[in-house]
J.: 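A single structure is presented below for examination.
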Amino acid sequence: MRIVMKISGESLKKDNNITESSLDKLYENILEIKDNNEIIIIPGGGNFWRGRNNLAINKVISDQIGMLGTIMNALAISSYLTEKGISSTCYGAFEISGLIKKSNVNDVNKDLKEGKIIVLGGGLGVPNLSTDMTTVSKAIEYNADLILMSKNYNAIYDKDPKLSSANKIEKISHQELLNMSIKQGISSLTILDLEALVELAKHKTPMYVYNGAAIESIKEVLNGKKGTRVITE
C-alpha cells in the first residue's frame, strides 16, 4: 500500500524548535509500517512560521517563508530517519542548489520501489495553497492508497471541536465531509482547506484524520481505534 502522511509542524516543536522526542515518535510510527508500505511524508511548517499571524508582511512573501519552513522540517525528518537506519530521500517543490533537489515522479517512484521513505518539502511551490492541499495533490499525483492526515485535534467533529456540543465522527464519506464543511462555512473550517476537500472528494482517496500527539501507535489509526476514517464505499 502506498501511504501519504501529513505531519503538522506543531507536532515537531517545543519552543518553536524541532525536538528529538517528536522526531523519535515519528520514527517509531514509520518503523511500524514501513515493511509493508511505500511512504511519502509531507511536513507542515507551523513550528517555524504561520502566515495567519497577520504580520505586516506581503502575503506571497509570507507563504514563501512558510514553504522554507517545510523544507527545514523535511530535511530534519529525512536526516533523522536515515541516521536511525531507515533509508530516506528528501525532495523539494523547488530546487535549492547544494541543499535539496526538486522532486519528479520518476525519481520518487524509483526511490519508493527501492524501499526508501520519501519526504517532500516546499508545499506545492506556489503561494495561497496549504500543506493540506499539498498532501491531497501529492496523494493523487503518486496514486496513493491512503492519506494519513495528522492534525491538532483527534478526529473530525460535526462542528467546531472547541464547542462542548461537538460530536466526534468515526466514519464519513468524502461527499458528506465536503457537504458538511460547506454548510459550516469557510471561516469555520477546521478539517481541511476547501480546495483540498474538493480535490479529495473528486478523487475519493481514503483518508484517516487523527492527532499525532494523542496516539501511542500509528496502528491505532490504521485499525480504526483512533481518529476519523474518510472513506467512500
Side-chain angles (χ1 to χ4, degrees), residues 2-11 40-47 49-54 59-60 62-63 66-67 70 120 123-215 218 220-233:
R2 181 168 289 186
I3 299 173
V4 173
M5 297 181 68
K6 158 68 188 305
I7 305 298
S8 69
E10 287 88 343
S11 69
I40 299 172
I41 299 173
I42 310 287
N47 52 322
W49 184 261
R50 299 204 67 86
R52 70 179 66 145
N53 291 338
N54 297 319
K59 177 65 167 63
V60 172
S62 179
D63 283 356
M67 292 176 210
T70 69
L120 300 179
L124 290 174
V126 294
N128 301 313
L129 294 174
S130 71
T131 46
D132 286 347
M133 185 62 182
T134 300
T135 303
V136 172
S137 177
K138 292 302 178 182
I140 295 167
E141 180 179 354
Y142 291 109
N143 296 311
D145 301 295
L146 177 65
I147 296 171
L148 292 176
M149 183 70 72
S150 177
K151 288 288 191 175
N152 296 326
Y153 34 89
N154 65 355
I156 295 172
Y157 288 78
D158 61 351
K159 59 190 71 171
D160 189 333
K162 297 185 183 68
L163 299 174
S164 60
S165 58
N167 297 305
K168 178 184 173 183
I169 298 172
E170 300 290 340
K171 182 179 175 183
I172 190 170
S173 74
H174 294 82
Q175 189 63 53
E176 289 170 339
L177 176 59
L178 178 60
N179 293 344
M180 183 182 76
S181 300
I182 292 172
K183 183 177 179 180
Q184 289 177 354
I186 293 174
S187 62
S188 66
L189 283 177
T190 56
I191 304 160
L192 271 75
D193 296 338
L194 187 58
E195 298 91 344
L197 282 169
V198 170
E199 287 301 304
L200 187 68
K202 187 188 301 182
H203 292 271
K204 297 181 173 58
T205 305
M207 179 178 72
Y208 294 0
V209 178
Y210 64 102
N211 183 343
I215 62 169
I218 194 67
E220 292 179 308
V221 180
L222 294 176
N223 293 335
K225 296 179 180 179
K226 297 281 186 177
T228 298
R229 292 173 291 162
V230 183
I231 301 176
T232 299
E233 296 175 324

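When a residue number appears, it is its place in the shown sequence, counting from 1.
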J.: From I231 CD1 over to L177 CG, what is the distance, rounded to the nearest 0.5 angstrom?
T.: 12.5 Å

J.: Measuring from L192:CG to E195:CD, what's the distance to the nearest 0.5 Å?
T.: 10.5 Å

J.: List the atom of M133, the atom of L129, and the distance in Å for their closest heavy-atom pair.
T.: CG-CD2, 4.1 Å

J.: Out of curiosity, L194 CG to L178 CG, how far, rounded to the nearest 0.5 Å?
T.: 6.5 Å

J.: side-chain contact (heavy atoms from CB on, under 4.5 Å), that's the test. Do T134 and L120 meet it? Break it down for me.
T.: CA-CA 9 Å; T134 300; L120 300 179; over 6 Å; no

J.: Could you state the interatomic distance from CE (M180) to CD1 (I169), rounded to the nearest 0.5 Å?
T.: 4.0 Å

J.: When rounded to the nearest 0.5 angstrom, what distance separates OG in S173 from CZ in R229?
T.: 13.0 Å

J.: Considering non-hydrogen atoms only, spot the tightest contact between G45 and T70 and give its length.
T.: N-CG2, 3.5 Å

J.: I'd like to know whether I40 forms a side-chain contact (heavy atoms from CB on, under 4.5 Å) with Y142, so could you lay out the CA-CA distance, the side-chain angles of the two residues, the decisive distance to 0.1 Å, and finally the verdict.
T.: CA-CA 9 Å; I40 299 172; Y142 291 109; 3.9 Å; yes

J.: Can you list everything that forms a salt bridge (charged side-chain N to carboxylate O under 4.0 Å, His left out) with K225? Sequence neighbours excluded, please.
T.: none

J.: Going from OG on S11 to NZ on K151, what distance comes out if it is rounded to the nearest 0.5 angstrom?
T.: 11.5 Å

J.: For N167, does its backbone N or O pair with a side-chain atom of D158 as donor and acceptor, under 3.5 Å?
T.: yes

J.: Quick check: does any side chain N or O of N154 sit under 3.5 Å from a backbone N or O of N211, one acting as donor and the other as acceptor?
T.: no

J.: What closest approach, in Å, do T228 and I156 show between heavy atoms, and which atom pair accounts for it?
T.: OG1-N, 2.9 Å

J.: Determine the minimum heavy-atom distance between G66 and W49, stating which atoms define it.
T.: N-CD1, 3.7 Å

J.: Is there a side-chain contact between K6 and D132 (heavy atoms, below 4.5 Å)?
T.: yes

J.: Looking only at heavy atoms, which two atoms of M5 and I3 are closest? And how far apart?
T.: CG-CG2, 3.9 Å

J.: Do K59 and P127 have side chains that get closer than 4.5 Å, going by heavy atoms?
T.: no

J.: Which atom pair, heavy atoms only, marks the closest approach of S150 to G212?
T.: OG-N, 3.3 Å

J.: Taking only distance into account, with no hydrogens and no angle test, what donor-acceptor pairs under 3.5 Å do side-chain atoms of residues 202-210 form with protein atoms, sequence neighbours excluded?
T.:
{"from": "K202", "atom 1": "NZ", "to": "E199", "atom 2": "OE2", "distance (Å)": "3.1"}
{"from": "K204", "atom 1": "NZ", "to": "A201", "atom 2": "O", "distance (Å)": "3.3"}

